[in-house]
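Note sheet for the following structure.
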Amino acid sequence: MPELPEAETIARGLRTTVVGERIVGARVLRADILREPKRRFAPKLRGRTITGVERRAKNVLIRLSGDRVLAVNLGMTGRLLPFRKPPRGRTRPGHPAVRLRFASGGVLIFDDTRRFGTVECLTADEWNERAERFGPEPLGDGYRPDDLVRGLARSRAPIRSWLLDQRRIAGVGNIYAAEALFLAGIHPRRRADQVHPQEAAALHGTLRDVLGDAIRAGGTTIRDYRNADGEEGGFARRLHVYGRDGDPCSRCGSAIERDMFAGRSAFFCPGCQPASS
DNA sequence: AGTGTATCCTGCAGGC
DNA sequence: TGCCTGCAGGATACAC
């Protein structure tokens, strides 16, 4: 998916275009991205006004009048695309799943090729309860090196698995886990509780750096990701290890390796990221 | 508390 | 050209 930086970029983009819009129609074209029957979903939206757009973990939250939240999880290929008027011809998204029509004549389309994404209309309370399950936001002011040090010390999971677990830390996915671990010099298979406190503190810094830099670059486009203006992110060319197996490491020249575990590819530099230390 | 595997789904790249 | 396999930014459920 879109990970934290991509969801943040989309939320920021939407904030400038859809806040203030009043929803006059909601059409579900692919009901499997909902978690409830579409007959119940659509009526909940009509007549509501968009009051804000936020991000939590990898979710884009569209705040609605009447204390409702349209919670969008983008899955692997989800996009949120606003248009001033209904798109025609070439500009029409290829896999529209939900289409909101605004009083202004504009539309917001949730498009999702693989349909791993979800769209839910919840009360603010329902969302808040859901959000309790997420770990801390890595870019939050209150997130300190010590929080990561202590979190890692309590787990025997491989560090990459730890970082991908949304209950432990929110918003980190496979790309940024790989990049942060590279920059901190930690092998993705290293047990979390074997990461030394000073390494964990370094990882806290590299995580925040890489996530922040990626937001400033507008996210990473591997293939499908687009921001709310339909544009690609610029961070892909700054990746050190993700998707670069076989390439020489930018630091030491060793060939980047790919290794599969927990069902996903892990990318790392065998020279810079020792399995133990 | 972990891992491995499977599942949801479409598209694309690579091998033959 | 086509057909096949494997893989993809995520999340979840299951057996072990």
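All chains are named by letter (A, B, ...) in the order of the sequence lines, taking the proteins before the strands, and each is independently numbered beginning at 1. None of the values given here were measured: they were computed from a predicted structure.
Counting heavy atoms from C-beta on, the side chains of Leu64(A) and Thr51(A) never come closer than 4.5 Å. With a 4.5 Å cut-off on side-chain heavy atoms, Leu34(A) and Cys121(A) do not count as touching.
With distances taken from any side-chain atom of Asp32(A) to the nucleotides dC9(B), dA8(C), dA11(C), the minimum falls on dC9(B). Distance from the side chain of Arg30(A) is smallest to dT10(B) among dT10(B), dG2(B), dC7(C). Residue Ala157(A) places its side chain closer to dG2(B) than to any other of dG2(B), dT12(C), dA8(C). For Arg258(A), whose side chain is taken as the heavy atoms from C-beta onward, the closest listed nucleotide among dT3(B), dC7(C), dA11(C) is dC7(C).
The distance between atom CG of Asp224(A) and atom P of dC9(B), rounded to the nearest whole Å, is 17 Å. Atom P of nucleotide dC12(B) and atom CD1 of Ile222(A) are separated by 16 Å, given to the nearest angstrom. Rounded to whole angstrom, the span from the CD1 atom of Ile33(A) across to the P atom of dC8(B) amounts to 18 Å. A straight line from CD of Gln194(A) to C1' of dG2(B) spans 15 Å, rounded to a whole angstrom. If you take CE of Met76(A) and C1' of dT7(B), they are 13 Å apart, rounded to a whole angstrom. In this structure, CZ of Arg133(A) is placed 12 Å from C1' of dA11(C), rounded to the nearest angstrom. We find that CZ of Arg115(A) is positioned 17 Å from P of dT7(B), with the value rounded to whole Å. Between Asp165(A) atom CG and dG10(C) atom C1' there is a gap of 13 Å when expressed in whole angstrom units.
A donor-acceptor contact under 3.5 angstrom links the side chains of Asn174(A) and Arg160(A), judged on distance only. One side chain, Thr220(A) or Tyr176(A), offers a donor N or O that lies under 3.5 Å from an acceptor on the other.
Between the base of dC9(B) and the side chain of Arg114(A) there is a donor-acceptor pair shorter than 3.5 Å.
Note on Arg168(A): a side-chain N or O is less than 4.0 Å away from OP1 or OP2 of dG2(B). Under 4.0 angstrom from either OP1 or OP2 of dA8(C) there lies no side-chain N or O belonging to Asn174(A). In terms of phosphate contacts, His95(A) brings a side-chain nitrogen or oxygen within less than 4.0 Å of OP1 or OP2 of dG11(B). Proximity of Arg264(A) to the phosphate of dA8(C): no side-chain N or O atom is located under 4.0 Å from OP1 or OP2. Thr77(A) has no side-chain polar atom (N or O) that falls below the 4.0 Å cut-off from OP1 or OP2 of dT10(B). Taking 4.0 angstrom as the limit, Ser155(A) places a side-chain polar atom (N or O) nearer than this to OP1 or OP2 of dG2(B).
Of the two residues contacting DNA chain B, namely Phe116(A) and Ser161(A), the nearest-nucleotide position lying further toward the 5' end is that of Ser161(A).
Of all non-hydrogen atoms in Glu257(A) and Pro270(A), the two that sit nearest each other are OE2-CG, 3.5 Å.
Contact annotation for Tyr242(A): backbone-only contact, meaning every heavy-atom pair under 4.0 Å involves sugar-phosphate atoms and none involves a base.
Base-pair partner of dA6(B): dT12(C) (Watson-Crick or G-U wobble, both distances under 3.5 Å).
Between the P atoms of dC9(B) and dC3(C), the separation comes to 23 Å (whole Å). Between dG6(C) and dT5(B), the distance separating the two C1' atoms is 16 Å to the nearest Å.
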*Any chance you could lay out the ring pair (Phe, Tyr, Trp, His ring centres under 6.0 Å) test for Phe267(A) and His240(A), step after step, and finish with the verdict?*
CA-CA 9 Å; Phe267(A) 298 92; His240(A) 291 97; over 10 Å; no

